[in-house]
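A short worksheet on the structure shown next.
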Amino acid sequence: MQIQLSRPPDRKPPYWLPLTTILAVILVISLMLWFEKPPQARSTDTPATEFSAERAMVHVEQIAQQPHPLGSSAHAEVRAYLVEQMEQLGLNPDVQEFNGRLTTKYIDQSVQLTNILGVIKGTGSGKPLLLMSHYDSVPAGPGANDASVSVASLLETARATQAGPPPQNDIWILLTDGEEKGLLGAEVFFRDPQHREIGMIANFEARGSKGSSFMFQTSDGNGRIIEEYARAVSNPVSNSLLVALYKQLPNDTDLTVALEHGLPGLNFAYGDGWVAYHTPMDNTDNVSLETMQHQGENALAMAKHFGNLDLSDLSSEGDRVYFNLFGLLLHYPAKWVVAITLVLAAIWLGLVFMFARISSLSIKGSLIGLLIPILAAVLSTALSYGLWKLIDALWAGKMTQPSGATYDSLLYSVSFILVTLIVHVALTRWILRKANELEMLLGGAFLFLLLLVGSSWLLPGASYLFAIPLLVHFIALAWAAFTRDPLQSLHHPAVVLTTTLVPILLFASIFHIVFLLLPPGIHLFSVVLVGFILALMSPAVRMLAQAWKWAVPAAFIAIIVLLGIGWTQAEPGPDRPVYERR
């Protein structure tokens, strides 16, 4: 068979393919967000054994009437209400008071606090499951989301659990005190030796006022816990990158204390609507029933599954790599990561050798294919940084809360991505005749391979983001190698769509969570990653470079529209209050 590799570099793709690719990207992102959205809130008519956000909301309305920080009279009223409700549920609450000196990494002083522990008795004698949240608030706000929603969800979970068959294990419901002052109640509770016999812990928190409840932290050696978690929940939103990143951040929750004592556990929270976090806006008007339904369903799933599981040994020899996809949690052992990396590196070398034998891979073209994405990433970061500083100075700065949360930050983050796309399309247009499709795709794959090597070493939980797209791209390259015209085959619609959609499918959820939880100034790091993703999607980028006369103006118009929406809404008011730092 004769292989023909040369073709006119200005050959146009099918007229319908660029728009089809863009629409497919929008569809995939929309599907990912749809599968990750919270479930519909259940009414008070929901069967007794199921979780109802409307039933739980009754508790939130009682708990979050006003700020109730540690030591306040409102705090005492909330505690009395919670004890009463736990008594009515038959949990026999143990009101555990502490009054003395407490030394932690946050404080070294005398404190007075009260934890509340209720118990659902199990039929067996195995280790108990602990469901936990905190009932104090910050002085600045009523704490409807942080963490009254979680407290109410645990009360409703206890009610629903007791409405069904009794669990095998005891289920402890712990409402800690003084979390906002430095995890004080958790420190007191877990320093008690008798509390270290707990089989597993599920903690529930909030960093916003709406959105999905995602599992963002696990204990080390989480292999078995992740396997069981995947079986337990019906709508998982989690990935091992999120857990790996959280370990590198200075943030702590009550679960942090439990993990320091060697107890296994999972941590759940939601973070959309971050502008309300630790402000007066954290009130009952800003509680999402759908979000509470998701948080509560996660809590009830923990109770029903882990409450009937032998918790005597949840330890594992290793962690798992995992991510949610279309309502499922896919996972595999982290010990496979190094082997996968070595295999993919060998495949890349094999493809380079094979194409060097059958094609005109030039040193110049290969270097261009490698260096252009790097140059594009640098330029994109610089332009996005300059754009953000301008936006911040003109209007976004006055719409930023003391926590760093900025109204409409998602609009600005999408603008940064569009800036990156424009830069890549422009540079690719410039080098269309200097590097062919094969050199560009192998260059992008090499950069992704470097990211895979780095993640395998530093953040194994992130390795799937690079390994899976590389595998798909290598399959496409191998297929092209055995066609009559490999370069033309790389522009086949199936190749363009597959090499574009697989990275989008994996990274859409990551960027969504990062954009919700971090301020726009930090989002700029994502521009570099987007640049490398675009390098891997070079068939689609080259296609847009050939259609630049409408693709680039369309991206510019989209940026103007997004920034225009942010600018027109950039006025603090009753619906969008901004609070001063205290």
Side-chain angles (χ1 to χ4, degrees), residues 59-120 128 130-158 170-198 201-206 252-258 260-261 263 278 282 299:
H59 297 304
V60 177
E61 291 170 346
Q62 293 297 317
I63 300 169
Q65 294 182 8
Q66 58 184 312
H68 47 280
L70 176 67
S72 66
S73 59
H75 186 53
E77 293 175 4
V78 167
R79 179 168 58 249
Y81 173 80
L82 294 174
V83 171
E84 178 186 10
Q85 293 302 308
M86 294 178 82
E87 288 174 344
Q88 291 180 10
L89 288 169
L91 301 180
N92 298 317
D94 178 14
V95 180
Q96 303 176 348
E97 297 182 351
F98 176 85
N99 188 0
R101 191 164 195 87
L102 186 62
T103 301
T104 73
K105 63 181 178 181
Y106 292 106
I107 68 166
D108 181 11
Q109 64 185 59
S110 295
V111 297
Q112 184 174 357
L113 54 85
T114 306
N115 292 325
I116 311 170
L117 176 66
V119 178
I120 301 173
L130 175 65
L131 305 181
M132 175 172 62
S133 188
H134 69 91
Y135 70 95
D136 61 312
S137 77
V138 295
N145 289 283
D146 183 22
S148 300
V149 161
S150 297
V151 170
S153 295
L154 294 188
L155 293 177
E156 170 66 4
T157 292
D170 288 355
I171 299 177
W172 295 5
I173 308 294
L174 175 63
L175 307 180
T176 64
D177 198 358
E179 191 270 352
E180 299 292 359
K181 284 288 188 179
L183 320 178
L184 306 185
E187 288 281 0
V188 170
F189 184 84
F190 290 109
R191 288 183 184 186
D192 188 334
Q194 66 176 337
H195 295 154
R196 299 177 194 170
E197 296 303 316
I198 297 167
I201 301 164
N203 186 57
F204 296 86
E205 263 286 0
D252 290 325
T253 68
D254 281 343
L255 185 66
T256 304
V257 182
E260 289 172 350
H261 287 283
L263 297 171
H278 283 184
D282 190 9

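Since this is a predicted model, take the numbers as computed values, not measurements. Numbering starts at 1 and runs along the sequence shown.
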If I compare all heavy atoms of [X] with all of [Y], which pair ends up nearest, and what's the gap?
X: Ala186; Y: Val257; value: O-CG1, 3.7 Å
X: Asn145; Y: Asp282; value: N-OD1, 2.7 Å
X: Val60; Y: Ala152; value: CG2-CB, 3.5 Å
X: Pro142; Y: Ser148; value: O-OG, 4.3 Å
X: Phe98; Y: Leu102; value: CE2-CB, 4.2 Å
X: Trp172; Y: Pro128; value: NE1-CB, 3.6 Å

Interatomic distance, [X] atom [atom1] to [Y] atom [atom2] [nearest 0.5 angstrom]:
X: Glu180; Y: Tyr135; atom1: CD; atom2: OH; answer: 13.0 Å
X: His75; Y: Leu113; atom1: NE2; atom2: CG; answer: 8.0 Å
X: Leu175; Y: Asp254; atom1: CG; atom2: CG; answer: 10.5 Å
X: Leu155; Y: His59; atom1: CG; atom2: NE2; answer: 5.0 Å
X: Asp252; Y: Glu260; atom1: CG; atom2: CD; answer: 7.0 Å
X: Glu197; Y: Leu130; atom1: CD; atom2: CG; answer: 13.5 Å

Would you say the side-chain atoms of Ser137 pair up with the backbone N or O of His68, donor to acceptor, closer than 3.5 Å? yes

Any donor-acceptor pair under 3.5 Å from Ser133 side chain to Phe204 backbone: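 Yes: the side chain of Ser133 pairs with the backbone of Phe204.
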
Pair Asn115, Thr176: side-chain N/O donor-acceptor within cut-off below 3.5 Å: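 No, because no side-chain N or O of Asn115 sits under 3.5 Å from a partner of the opposite role on Thr176.
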
Test side-chain contact (heavy atoms from CB on, under 4.5 Å), reference Leu70, set Val111, Leu184, Val138, output is Leu184

Only one of Leu117, Val95, Ile116 clears side-chain contact (heavy atoms from CB on, under 4.5 Å) with Met86; which? Ile116

Mind running side-chain contact (heavy atoms from CB on, under 4.5 Å) on Glu205 and Leu255 for me, showing each step along the way? CA-CA 10 Å; Glu205 263 286 0; Leu255 185 66; over 6 Å; no

Would you indicate whether the side-chain heavy atoms of [Y] and [X] approach each other to under 4.5 Å?
X: Met132; Y: Glu179; answer: no
X: Arg79; Y: Asp177; answer: yes
X: Glu84; Y: Gln62; answer: no
X: His195; Y: Leu263; answer: no
X: Leu183; Y: Tyr106; answer: yes

When you check the gap from the basic side-chain N to the acidic O, do Lys181 and Asp136 get nearer than 4.0 Å? no

